[in-house]
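Whatever order the structure lists ligands and atoms in, that order sets their numbers, starting from 1. Numbers here are sequence positions counted from 1.
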Amino acid sequence: MTLQNVLPWIQRAHQEGWAVGAFNANTLEQVQAIVMAAQVEQAPAIIQISHRALTHVGSGNEVQGIKYIAALGKIAAESVAAPVAMHLDHGTESEVVQAIVLGFTSVMFDGDGLPFEENISITKRLCDMAHSVGVCMEAEVGEVPKPDGKEFDESAIDMTDPDEALQFAQATGIDTLAVALGSVHGLKSKTVSLDLERLQAIRKQMSIPLVLHGSSGVSDADIKQGVSMGLSKVNVATQLAQAFTGAVREVLNKDASLVDPRKYMSAGRNAQMEIVRERMRFFGSSGKAK
Ligand code: G3H
Ligand code: 13P
Ligand code: ZN
């Protein structure tokens, strides 16, 4: 299929109490692992590319990265019958514009650190642009931290305020809202619980689908509960990188004379495909694209 606007799938998931998985990729093999899993599971899937992934793919030039990934995403989506979207994850203002122009079907503007009113005005402008060409728009209120291995203070997380969330969604017209409920990006084990009371309070205020970032560090029990309460897009990055890199490491450790990249990259791709499949089943998206 051609790249799809994922919003109808997220809205259906929202109504039926399951979630669409959004899977981060940094390499060709990681993109392939996601669409292969979507095909086998007959699940809708979102390939998502972060700001740092774009910089990596573009060898330091993120516009070049967006061009590469937009072309790759189209080919990957067309290689399977399952519905696949290409999403810009945590984009800057200029990256969101470039991604819309170059054919991404979904974008997130990350207004992290901006004053609330400025976040609203930039998000609204980008949202109008996205909607004029049928692209799905996500933004965030509060902040899921990105400590990147550094120490951070869990008690200082900027959790989503339900009233601000409502004000933001109404003022901008966004399709989905990323909420901070205690999760943290990049955790290597599932040690975090979600503030489900806060989620319930947000839900009382607004009906648009909500997005969970940092799911790799959240207990599966809380993800399940959160999905049933309206977290209808769930982002997964670190769990995929762990599976991919773990398999590559195992192959290389077994044979110090191995030099053929195809041998270890295909092991990484297969391992990632398995974890994406497992997450699709867990989120309840498997079989929904039959
Ligand atoms: O939210 C972003 C994902 O965790 C991936 O981030 O590509 O900057 O490591 P990264
Ligand atoms: P994790 O790396 O914790 O899975 O977070 C993924 C994410 O939120 C991408 O936006
Ligand atoms: Zn994120």
- Item | Note, V101 side chain near I66 side chain (heavy atom, < 4.5 Å) | no

- Query: How far apart are the C-alpha atoms of K288 and E16, what are their side-chain angles, what is the distance that settles it, and do they pass the salt bridge (Lys or Arg N to Asp or Glu O under 4.0 Å) test?
  - Reply: CA-CA 11 Å; K288 294 295 195 295; E16 297 177 357; 5.2 Å; no

- Query: What atoms of ligand 2 come closer than 4.0 angstrom to any heavy atom of H213?
  - Reply: 8 (O), 10 (O)

- Message: Using heavy atoms and a 4.0 Å limit, tell me yes or no: is H90 in contact with ligand 2?
- Response: yes

- Closest protein heavy atom to atom 4 (O) of ligand 2, given as residue, atom name and distance to 0.1 Å: S216 OG, 2.5 Å

- Could you tell me which non-hydrogen atom of A70 sits nearest to which non-hydrogen atom of L102, and how far apart they are? CB-O, 3.3 Å

- Query: Just which atoms of ligand 2 are under 4.0 Å from any heavy atom in V236?
  - Reply: 4 (O)

- Mind checking whether G217 has an N or O less than 3.5 Å away from an N or O of ligand 2? no

- Message: Students should find this: residues with any non-hydrogen atom under 4.0 Å from ligand 1. What is the answer?
- Response: N24, S50, R52, D89, H90, H185, A237

- Message: Please say yes or no: joined through hydrophobic side-chain contacts below 4.5 Å, possibly via intermediate residues, are V40 and M1 part of one cluster?
- Response: no

- Does W9 share a hydrophobic cluster with I34, counting links as ILVMFWY side-chain heavy atoms below 4.5 Å and allowing steps through other members? no

- Task: Under 4.0 Å from a heavy atom of H185: give me the atoms of ligand 2 that qualify, with their elements.
- Result: 3 (O), 5 (O), 7 (C), 8 (O), 10 (O)

- Any N or O on L212 sitting closer than 3.5 Å to an N or O of ligand 2? no

- For residues S232 and I10, determine if any side-chain heavy atom of one lies less than 4.5 Å from a side-chain heavy atom of the other. yes

- Query: Does any non-hydrogen side-chain atom of D220 lie less than 4.5 Å from one of R279?
  - Reply: yes

- Check whether any side-chain heavy atom of R52 lies under 4.5 Å from a side-chain heavy atom of H56, and answer yes or no. no

- Note on the structure: closest protein heavy atom to atom 10 (O) of ligand 2 is D89 OD2, 2.7 Å

- Shortest protein heavy-atom distance from atom 2 (O) of ligand 2, along with the residue and atom involved: T238 OG1, 2.5 Å

- Any side-chain heavy-atom pair of M108 and V211 under 4.5 Å: no

- Message: Are V107 and M137 packed together at the side-chain level, in the sense that at least one heavy-atom pair is separated by less than 4.5 angstrom?
- Response: yes

- Message: Contact between L231 and L181 at the side-chain level, heavy atoms closer than 4.5 Å - yes or no?
- Response: yes

- Apply the side-chain hydrogen bond (donor to acceptor under 3.5 Å, both in side chains) test between N24 and each candidate in N235, D89, T238; give the one that qualifies. D89

- Does M108 reach ligand 2, in the sense of a heavy atom lying below 4.0 Å from it? no

- In ligand 2, which numbered atoms sit nearer than 4.0 Å to a non-hydrogen atom of Q48? 9 (C), 10 (O)

- Task: Could you state whether I75 and V31 fall into the same hydrophobic cluster, counting links through intermediate Ile, Leu, Val, Met, Phe, Trp or Tyr residues with side-chain heavy atoms under 4.5 angstrom apart?
- Result: no

- Query: Going by atom types only, do D175 and H131 share a side-chain donor-acceptor pair under 3.5 Å?
  - Reply: yes

- Message: Geometry only, no angles: is G214 polar-contacting ligand 2 at N/O separations under 3.5 Å?
- Response: yes

- Quick one: look at V144 and ligand 2, take heavy-atom pairs under 4.0 Å, and tell me if it's side chain, backbone, both or neither. neither

- Give a yes or no on whether a salt bridge exists between D112 and K146, defined as a side-chain N under 4.0 angstrom from a carboxylate O. yes

- Please report the number of protein N, O or S atoms that lie less than 2.8 Å from the Zn ion (ligand 3). 3

- Query: Parallel under 30°, tilted from 30 to 60°, perpendicular over 60°: which one fits the rings of F283 and F23?
  - Reply: parallel

- Which of the atoms of ligand 2 are close to N24, meaning less than 4.0 Å from one of its heavy atoms? 9 (C)

